[in-house]
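Right, one structure below, let's go through it.
Everything quoted here is computed from the prediction, not taken from an experiment. FYI, side chains are in, hydrogens and waters are out, and symmetry mates aren't considered; it's all heavy atoms of this structure.
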Amino acid sequence: MLHNGPVQPSTLAPLSRDDLPGDTAALARYLIGKLMVRAFPDGFAAARIVETEAYLAGDEASHSFRGLTPRNRVMFGPPGYAYVYLNYGMHFALNVSSAAEGVGEAVLIRAAEPLTGLDAMRRHRGDVPVRDLMRGPGRLAKALDIGSSLDGTDLCAAGPLWLASDGHIPQDFGVSVRIGISRDAHRPLRFFLKGSPFVSGPAALNRCP
DNA sequence: AGTGCGATTGACT
DNA sequence: GTCAATCGCACTA
């Protein structure tokens with residue numbers, strides 16, 4: 001889209017944990033337009049988050065619904081940490097832990113617009129169109145080489161992976177039901193940058209009221 | 001111990 | 001449009 005100015009990932013300060021909204025749906029909205037920054041051995045990659053989903057306590061679709069397990073422990077920890085899990089036995093997905101310690105909630109990062117480090121992303125994803133590099137949670141994780149070794153990473157500190165802002169505030173949010181779930185399927189907990197071609201999901205969910 | 005099912009993707013008819 | 005790949009975890013026994 002139009003709003004990719006030049007980005008210097010190494011100078012992008014991490015988001016402050018105190019600035020993260022305590023309400024998980026609010027955090028999911030807050031993260032739209034923010035940046036994911038990844039440090040690779042040979043440089044940085046950065047991407048603008050364009051699609052998120054909130055997973056709440058008491059939510060049957062959430063991994064936290066049946067209580068704390070080794071896999072979902074980060075969801076029950078403090079906010080602003082990476083919950084990385086393996087889905088369908090083959091795709092990793094990146095979440096940001098949310099809510100107070102002891103409350104199992106998180107925001108799934110579903111899609112992003114690549115800004116810098118496209119060569120590094122293609123090294124992990126192969127030669128696909130820019131639009132498809134990070135369009136979907138599994139693809140996003142692959143592009144940023146995110147695996148279980150990053151589970152528990154502090155996303156509010158400059159390290160292998162963190163959240164940042166370049167000051168861009170998106171004007172037009174879309175809201176829809178979440179993708180790919182069967183339980184609690186009616187809840188409007190998916191948020192996206194309206195009109196972005198980097199958003200995943202069926203077109204019907206992406207046009208708006 | 002065995003079974004079933006995903007917060008998905010890519011290949012194929 | 002259909003479908004297989006592949007594994008952690010919940011559930012049954």
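- Comparing the P positions of B:dT13 and C:dA5 gives a spacing of 15 Å, expressed to the nearest Å.
- Between A:S176 and A:R190, the side chains place a donor N or O and an acceptor N or O closer than 3.5 Å (distance only, hydrogens not considered).
- OP1 or OP2 of B:dG6 has not a single side-chain nitrogen or oxygen of A:R183 nearer than 4.0 Å.
- Residue contacts shown for A:R66 are limited to sugar-phosphate atoms, with no base heavy atom under 4.0 Å away.
- Note: CG (A:L86) to P (B:dC5) measures 19 Å, nearest angstrom.
- The side chain of A:M90 approaches C:dT6 more closely than any other nucleotide in the set B:dG10, B:dA7, C:dT6.
- By the 4.0 Å N-to-carboxylate-O rule, A:D132 lies close enough to A:R135 to be salt-bridged with it.
- The nucleotide whose nearest atom lies closest to any side-chain atom of A:S182 is, among B:dA7, C:dC9, B:dG6, B:dG6.
- Counting to the nearest Å, the C1' atom of C:dA5 and the CZ atom of A:F92 are 15 Å from each other.
- Using P as the reference atom, B:dG4 and C:dA4 are 15 Å apart when rounded to the nearest Å.
- Counting only heavy atoms from C-beta on, A:M75 has its side chain closest to B:dA7 among B:dG10, C:dG8, B:dA7.
- The distance between the ring centers of A:Y83 and A:Y81 does not fall below 6.0 angstrom.
- Within 4.0 Å (heavy atoms only), A:A61 reaches at least one base atom of the nucleic acid.
- A residue-by-residue look at A:A93 and A:R139 shows that A:A93 has its nearest nucleotide of DNA chain B further toward the 5' end.
- B:dA7 atom C1' lies 15 Å from atom CD of A:E105, rounded to whole Å.
- Computed from coordinates, the A:L133 CG to B:dG10 C1' distance equals 15 Å when rounded to whole Å.
- The partner of B:dA7 cannot be assigned: no Watson-Crick or G-U wobble pair with both contacts below 3.5 Å exists in any strand.
- A:L108 comes within 4.0 angstrom of a base, heavy atoms only.
- The NE2 atom of A:H91 sits 10 Å away from the P atom of C:dT6 (whole-angstrom rounding).
- At a cut-off of 3.5 angstrom, counting only N and O atoms as typed in the model, there is a donor on one side and an acceptor on the other between the side-chain of A:Y85 and the base of B:dA7.
- One atom, CG of A:D151, and another, P of C:dC7, lie 18 Å apart when rounded to the nearest Å.
- Here B:dA7 presents its P atom at 18 Å from CZ of A:F191, a figure rounded to the nearest Å.
- A side-chain donor-acceptor contact under 3.5 Å links A:S64 to the backbone of A:G104.
- No donor-acceptor pair under 3.5 Å is formed between the side chain of A:N87 and the backbone N or O of A:G138.
- Side-chain N/O atoms of A:H63 include one lying less than 4.0 angstrom from OP1 or OP2 on B:dA7.
- Distance noted for atom P between B:dC5 and C:dA13: 15 Å (whole Å).
- Residues A:E113 and A:S196 have side chains that never bring a donor and an acceptor to within less than 3.5 angstrom of each other.
- Across all strands, A:R125 comes closer than 4.0 Å only to sugar-phosphate atoms, never to a base (heavy-atom distances).
- Computed from coordinates, the A:Y88 OH to B:dG10 P distance equals 14 Å when rounded to whole Å.
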